[in-house]
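Each remark here refers to the structure printed beneath this line.
Convention: sequence-line order gives letters A, B, ...; per-chain numbering from 1.
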Protein chains: 4
Amino acid sequence: MRWTRRKEARPGEILDAALDLFVAKGFAATKMEDIARRAGVTAGTLYRYYANKEEIFKAVIRESLVPQLDEGEQLLSGFTGQTSAAELLEMVIRTWWRLIGATRLSGIPKLVIAEASNFPELARYHREQVIERGEKLIGRAIEYGIARGEFRPMRLEVAVRVICAPVVMAMLWKHSMPQCGEEFEPEPYLDEVIRTLVQGLAATPSP
Amino acid sequence: MRWTRRKEARPGEILDAALDLFVAKGFAATKMEDIARRAGVTAGTLYRYYANKEEIFKAVIRESLVPQLDEGEQLLSGFTGQTSAAELLEMVIRTWWRLIGATRLSGIPKLVIAEASNFPELARYHREQVIERGEKLIGRAIEYGIARGEFRPMRLEVAVRVICAPVVMAMLWKHSMPQCGEEFEPEPYLDEVIRTLVQGLAATPSP
Amino acid sequence: MRWTRRKEARPGEILDAALDLFVAKGFAATKMEDIARRAGVTAGTLYRYYANKEEIFKAVIRESLVPQLDEGEQLLSGFTGQTSAAELLEMVIRTWWRLIGATRLSGIPKLVIAEASNFPELARYHREQVIERGEKLIGRAIEYGIARGEFRPMRLEVAVRVICAPVVMAMLWKHSMPQCGEEFEPEPYLDEVIRTLVQGLAATPSP
Amino acid sequence: MRWTRRKEARPGEILDAALDLFVAKGFAATKMEDIARRAGVTAGTLYRYYANKEEIFKAVIRESLVPQLDEGEQLLSGFTGQTSAAELLEMVIRTWWRLIGATRLSGIPKLVIAEASNFPELARYHREQVIERGEKLIGRAIEYGIARGEFRPMRLEVAVRVICAPVVMAMLWKHSMPQCGEEFEPEPYLDEVIRTLVQGLAATPSP
DNA sequence: GATGAATGAGGGTTCATTCAT
DNA sequence: GATGAATGAACCCTCATTCAT
């Protein structure tokens, strides 16, 4: 048959294909026809759902990361005062990795970083919708640790980045190291990251 | 004669211009004519020195970081057994930032990460010539710390990445955060990184 | 049932919508979907009534002017020998303007002139069905004037064009001048046209 | 040879080709490649000289009509008070026809009228650069005639249009009538136009 | 050695048209 | 009879690359 009624499924299939290709080849090197073929349609069809390539790019970010963030926020909102800050921090990082880092979505940071200068509006959108919310989550964990005396006092926004950096890097490495024949094992790396951060942020033990 | 000097200087001027543009706009969005104009020549001239755009890209990556690494290695080769591992680690990170992070060269990691899949051969080259040497430098500092009992025992190649991650991220943020109106201040961030790493890697004090 | 009526009304509604759009934007710039939307149907439906865009265009031209011409001919057929040629000429021009010039149909000459080379067959049809009949009408008025000695002798087919030109131009200006911010007032213009023609065609008064 | 140094000749050749095609087929129906082929280059080359199709359109109007208008103005600026207004009017019309109507440039009005709605800016430019100057020329002739008592008093801007209409129509007919197998002979038509206008505008002879 | 005019392949996008539902 | 999702052929335009000068 020429077409089956999948109007509702199409946008998702398109974004799915686009995410794979953007992540694999970058924005500019991804051709509309490639996206179309992978989504099982022809190039013209893409334009029924998205005005142009850039809109697809934006939709990919919007539709894929934001829901994961919602879920992450919900999962982490329920911790009680019985959890130690160290446990909370570990939980945040491991949840982050499970929901995003271990999935295809881990390719998005690479995309956003690489294309930030060509699509500043997109970078801003990503910052507002994804980064700021994520940083808030992490910020709360640190605040909690400092308040409890578990973590030493420090500037919140700086500490947040100290924690984000190794996780974001893990996502980037996951997508760039295999290209040069190197393998990247996230697990031992993340274990060590968590250990180092927990110990590194800890309030110095009173003698 | 001035031209002779000019002729010999050309390749460097071209790579100089190309680095600026690649870093600012990415590989695909950088036009040959833009490179030419910025290098003070016309498009045709580029082809006297480089076979095509990809070769310029590769040359930029190849030529730019290696000399800095040479200098870095030399600077750090002279430390004596009197330096503490913590001091050494700080010195490594601060030197890294001074020689690379604080300069235009900080834009290269973004490029390599973004284009790793389109230029796997180049990614491999960069890994061998830059990353591996850098990791070796850092590995030596960790080894030294472990041997002295200052740092707790850990898998070297993992620890190396734990240290690299926040510094590389600083370079990436420096080039992507301004695009979304956010400012990134490397100094307080690096201070905190160093503090956290030093404390986080330290051997736990015997009670 | 309403649909039956609807079905019979459809072609007219389509041509109605198409006329508006063709006149406003030209043939090429008018999209099938725009026509459909304005006619209250979807694009696919147009093809139940017309084989393609060209056929719609042709139908628009064909169907729109001819009925008006019929009416015009009828109105003007009844003049008696008591009317002066000058009066008759004025009546022809004013009727022409009232039935066509003052309506949407005034946009058609622009269309036909612009697309004559792309649709020669249509141009020929328009000439035969519209222009020639119109010219005949005017020709009769002139003949009448010459026969009565009111108008000086002249070549009929030339005189006809001398009379048509200012009226056709009025229709063209009406549709092109507003686009450049100029307003076109047909009434004073037509008054002056009539005055000039009546005096200009008059047999020179015997001294 | 691959290319001969004709940088200076190219723009003219391109506009030449474009004018022919625009006049023959309209703006939208003229393909960039057609223009290129007729100008003896490839499509890409057009973009070295003009940013896009619309710019070519604008350049065609600008470069072709304006110089003719300059010449026309100069030719007509030298008439003395000895010339009768009738002679002057005839001279204006015949000069207009000789410099524009009898040449390829006679195709431009059709273009402008047809595309006025799609390119309002262009229509405005044409009005300012061409029409207004032309109307001024004609306005002066009428004023002169009224001042001398040769022409009857009338609103200048209306009279100007009464005179322009038949000449512009001649240019339009010249380009649209051949498409429907009809031939248009400008000479007898213009003779009659002039005769009618001169007589039609004349002050009525005192008895 | 340098220029820059010209090429031509290829990408993004549009839209008349088709046809399964 | 009507729909509207999908197609695919063009078209405009870009730009890396070439090569006569």
Side-chain angles (χ1 to χ4, degrees), chain A residues 1-10 28-36 39-56, chain B residues 3-4 6-7 10 27-37 40-56, chain C residues 3-4 6-7 10 27-37 40-56, chain D residues 1-10 28-36 39-56:
Chain A
M1 51 212 132
R2 182 117 178 267
W3 56 273
T4 45
R5 183 175 297 275
R6 14 206 341 185
K7 192 192 174 181
E8 279 121 44
R10 282 276 180 259
T30 296
K31 291 178 263 182
M32 289 300 267
E33 207 177 312
D34 294 343
I35 299 177
V41 296
T42 56
T45 302
L46 301 182
Y47 292 87
R48 289 194 67 73
Y49 297 96
Y50 301 98
N52 52 41
K53 199 174 166 185
E54 192 172 340
E55 287 302 320
I56 295 184
Chain B
W3 321 9
T4 320
R6 213 69 206 287
K7 193 169 63 178
R10 277 283 146 73
F27 176 75
T30 296
K31 292 180 246 176
M32 290 297 268
E33 206 171 312
D34 292 344
I35 299 176
R37 188 170 20 251
V41 296
T42 55
T45 304
L46 300 182
Y47 291 85
R48 299 220 138 262
Y49 297 97
Y50 300 96
N52 53 40
K53 195 177 168 185
E54 295 200 359
E55 290 305 320
I56 295 183
Chain C
W3 321 9
T4 319
R6 213 69 206 287
K7 194 168 65 176
R10 275 284 145 75
F27 176 75
T30 296
K31 292 181 246 179
M32 290 297 268
E33 207 172 312
D34 293 345
I35 299 176
R37 188 172 19 254
V41 297
T42 56
T45 303
L46 301 182
Y47 291 85
R48 299 219 139 265
Y49 298 96
Y50 299 96
N52 53 40
K53 195 177 168 184
E54 295 200 359
E55 290 305 319
I56 295 183
Chain D
M1 50 213 132
R2 185 121 176 263
W3 55 273
T4 45
R5 185 172 295 276
R6 18 209 333 191
K7 194 193 175 182
E8 278 122 44
R10 281 278 181 259
T30 296
K31 290 178 265 182
M32 289 300 267
E33 207 178 310
D34 295 343
I35 299 177
V41 296
T42 57
T45 301
L46 301 182
Y47 293 88
R48 290 193 67 73
Y49 298 95
Y50 301 97
N52 51 43
K53 200 174 163 183
E54 192 172 340
E55 288 301 320
I56 294 183

Look at [X] and [N] and indicate whether a side-chain polar atom (N or O) is within less than 4.0 Å of OP1 or OP2.
X: A:Thr42; N: F:dT7; value: yes
X: C:Tyr47; N: E:dT17; value: yes
X: A:Tyr49; N: F:dA6; value: yes

Secondary-structure stems, DNA chain F, at least 3 Watson-Crick or G-U base pairs under 3.5 Å =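 E:2-21 with F:2-21 - these are the stems of 3 or more pairs that involve DNA chain F.
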Closest heavy-atom contact between [X] and [Y]?
X: C:Thr42; Y: C:Ala36; result: C-CB, 3.5 Å
X: B:Ala28; Y: B:Lys53; result: O-NZ, 3.5 Å
X: A:Met32; Y: A:Ile56; result: CE-CD1, 3.8 Å

Where each residue is assigned the nucleotide of DNA chain F containing its nearest heavy atom, which of D:Ala51 and B:Glu54 is assigned the position nearer the 5′ end?
->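 The residue mapped nearer the 5' terminus is D:Ala51.
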Between D:Asn52 and A:Thr45, who's closer to the 5' end of DNA chain F by nearest nucleotide?
->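 First, find each residue's nearest nucleotide; the 5'-ward one identifies A:Thr45.
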Measure [atom1]/[X] against [atom2]/[N] and give the value in whole Å, please.
X: B:Phe27; N: F:dC15; atom1: CZ; atom2: P; value: 13 Å
X: D:Leu46; N: F:dC15; atom1: CG; atom2: C1'; value: 15 Å
X: C:Arg48; N: F:dT3; atom1: CZ; atom2: C1'; value: 10 Å
X: D:Ile56; N: F:dC13; atom1: CD1; atom2: P; value: 8 Å
X: C:Arg37; N: F:dA2; atom1: CZ; atom2: C1'; value: 17 Å
X: B:Asp34; N: F:dT14; atom1: CG; atom2: P; value: 13 Å

Pull out every protein N or O sitting under 3.5 Å from an N or O of nucleotides 9-11 of chain E, one pair per line with the distance.
from   : atom 1 : to      : atom 2 : distance (Å)
E:dG11 : OP1    : A:Lys31 : NZ     : 2.7

Neighbour count above 12 (heavy atom, 6.0 Å) for B:Glu33 CD =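 No, the 6.0 Å shell around CD holds no more than 12 heavy atoms from other groups.
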Step by step, would you call C:Phe27 with C:Glu54 a side-chain contact (heavy atoms from CB on, under 4.5 Å)?
-> CA-CA 9 Å; C:Phe27 176 75; C:Glu54 295 200 359; 4.1 Å; yes
Output the distance between atom CZ (A:Arg48) and atom OG1 (A:Thr45), rounded to the nearest 0.5 Å.
->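 OG1 of A:Thr45 is found 8.0 Å from CZ of A:Arg48.
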